[in-house]
Amino acid sequence: MESDKIMGREELHAYVEQWRRAGERIILANGNFDLLHVGHVRYLHGAKALGGRLVVAINSDDSVRALKGEGRPIMPAGERAEIVAALGDVDAVVIFAERDVRALIREIRPDIQAKGTDYTAETVPERDTLAEYGGRVEIVGDSKDHSTSEIIRSRLGPRQQ
């Protein structure tokens, strides 16, 4: 089942421009979203609560592997995108191949990049890219008590990772 919320970068750019013309704010959230858990849901809900259209950028399988190591992701990017797209707070989903979202930020110029509470506004890697055009960072979601890596470690043990 393919969602009409899942799109390539060109299609996303067109939607973002359309939303902007309608006076809507663009919010970007990003991550691996491997084994969706309550921390992800709270993060995305907090991002949407900032007011505007929520675009979620999901790391490609290769970029997850580069960031997290062999054995990850657990689920392929297409399935992760489909699950995230099914959430009511999400307006658009795009898969990106880079290790961070700087290139995508430069392409769509979100008004806000929403990051989880494992960051502060000063530690967000892409904050310099947002500052280039006046975008800003907002920290949202609950405390970082949930992580896919920790779920894997605690439920499957080190041999299953």
Side-chain angles (χ1 to χ4, degrees), residues 1-68 72-119 121 124-142 144 146-148:
M1 172 197 284
E2 185 76 17
S3 168
D4 58 353
K5 292 182 186 179
I6 302 169
M7 52 192 76
R9 283 161 94 144
E10 268 186 45
E11 185 180 10
L12 174 62
H13 193 276
Y15 270 90
V16 166
E17 290 307 309
Q18 176 185 334
W19 292 332
R20 272 219 173 85
R21 281 192 301 274
E24 298 191 65
R25 185 182 345 209
I26 307 302
I27 302 157
L28 175 68
N30 67 284
N32 299 322
F33 299 98
D34 199 9
L35 294 182
L36 192 69
H37 55 71
V38 71
H40 292 133
V41 173
R42 292 172 181 165
Y43 164 53
L44 296 176
H45 186 69
K48 182 67 173 183
L50 296 170
R53 294 293 187 144
L54 178 57
V55 175
V56 180
I58 295 180
N59 293 77
S60 70
D61 294 344
D62 286 341
S63 69
V64 172
R65 209 168 355 273
L67 292 166
K68 301 289 185 177
R72 296 285 301 277
I74 303 297
M75 294 187 305
E79 290 179 15
R80 292 182 282 126
E82 188 175 333
I83 291 168
V84 170
L87 299 174
D89 288 325
V90 175
D91 294 295
V93 176
V94 64
I95 298 169
F96 70 102
E98 300 87 354
R99 287 178 68 122
D100 66 44
V101 291
R102 284 183 175 96
L104 184 63
I105 288 172
R106 287 187 178 104
E107 290 168 27
I108 67 169
R109 299 170 62 95
D111 299 287
I112 302 169
Q113 181 187 20
K115 295 296 274 187
T117 58
D118 47 335
Y119 290 93
V124 171
E126 303 88 4
R127 72 187 181 288
D128 56 332
T129 306
L130 291 151
E132 290 172 5
Y133 63 88
R136 73 178 200 269
V137 171
E138 291 285 341
I139 306 301
V140 299
D142 66 349
K144 184 69 174 176
H146 314 92
S147 85
T148 300

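Note that CG of Leu50 is 12.5 Å distant from CD1 of Ile26, once rounded to the nearest 0.5 Å. Distance check, rounded to the nearest 0.5 Å: CG of Leu67 to CG of Asp62 gives 11.0 Å. Rounding to the nearest 0.5 Å gives a distance of 10.0 Å between CD of Glu126 and CG of Leu104. Put simply, CD1 on Ile6 and CD on Glu11 are 10.5 Å apart, with the number rounded to the nearest 0.5 Å. Between the NZ atom of Lys68 and the CG atom of Asn59 there is a distance of 9.0 Å, given to the nearest 0.5 Å. With values rounded to the nearest 0.5 angstrom, Glu79 atom CD is found 10.5 Å from Asp34 atom CG.
Side chain of Tyr43 to main chain of Ala114: a donor-acceptor pair is present (N/O by atom type, distance under 3.5 Å, no hydrogens or angles). With hydrogens and angles ignored, the 3.5 Å screen pairs no side-chain donor or acceptor of Asp100 with any backbone N or O of Pro125.
Salt bridge status for Asp61 with Arg72: absent, with no side-chain N to carboxylate O gap under 4.0 Å. Under 4.0 Å is where a charged nitrogen must lie from a carboxylate oxygen, and between Lys5 and Asp91 no such pair does. Taking a cutoff of 4.0 Å between a charged side-chain nitrogen and a carboxylate oxygen, Arg53 and Glu24 qualify as a salt bridge. Classification of Glu138 and Arg127 as a salt-bridged pair fails, no side-chain N sitting under 4.0 Å from a carboxylate O.
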Would Val56 and Phe33 satisfy side-chain contact (heavy atoms from CB on, under 4.5 Å), going step by step from the backbone distance to the final call?
CA-CA 10 Å; Val56 180; Phe33 299 98; 3.6 Å; yes
Under the side-chain contact (heavy atoms from CB on, under 4.5 Å) rule, what do Asn32 and Ile58 come out as? Steps first, then yes or no, please.
CA-CA 5 Å; Asn32 299 322; Ile58 295 180; over 6 Å; no
Residue pair Leu36, Leu87: steps toward the side-chain contact (heavy atoms from CB on, under 4.5 Å) verdict
CA-CA 11 Å; Leu36 192 69; Leu87 299 174; 4.3 Å; yes
Apply side-chain contact (heavy atoms from CB on, under 4.5 Å) to residues Arg9 and Val94 and explain how you reach the verdict.
CA-CA 7 Å; Arg9 283 161 94 144; Val94 64; 3.8 Å; yes
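Residues Ser60 and Ala77 share a closest heavy-atom pair of CA-CB, 4.3 Å. When all heavy atoms of Ile105 and Tyr133 are compared, the pair lying nearest together is CG2-OH, 3.6 Å. The minimum heavy-atom distance linking Arg80 with Met75 is given by the pair NE-O, 2.9 Å. Taking each heavy atom of Val84 and Val90 in turn, the nearest pair found is O-CG2, 3.5 Å. Summarising the geometry of Gly51 relative to Arg25, their closest heavy-atom pair is O-NE, 3.0 Å, with the distance given to 0.1 Å. Looking at every heavy atom in both residues, Ala97 comes nearest to Ser63 through O-CB, 3.4 Å.
Considering only heavy atoms from C-beta on, Val101 comes within 4.5 Å of Phe96 through its side chain. Annotation: side chain of Arg136 is not in contact with side chain of Asp111 (no heavy-atom distance under 4.5 Å). Using a 4.5 Å heavy-atom cutoff, the side chains of Asp128 and Arg102 are in contact. Contact check for Thr129 versus Arg106: side-chain heavy atoms found under the 4.5 Å cut-off. Taking 4.5 Å as the limit, some side-chain heavy atom of Leu130 sits within range of a side-chain heavy atom of Pro110.
Looking at Gln113 and Asn30, their side chains do bring a donor and an acceptor atom within 3.5 Å of each other.
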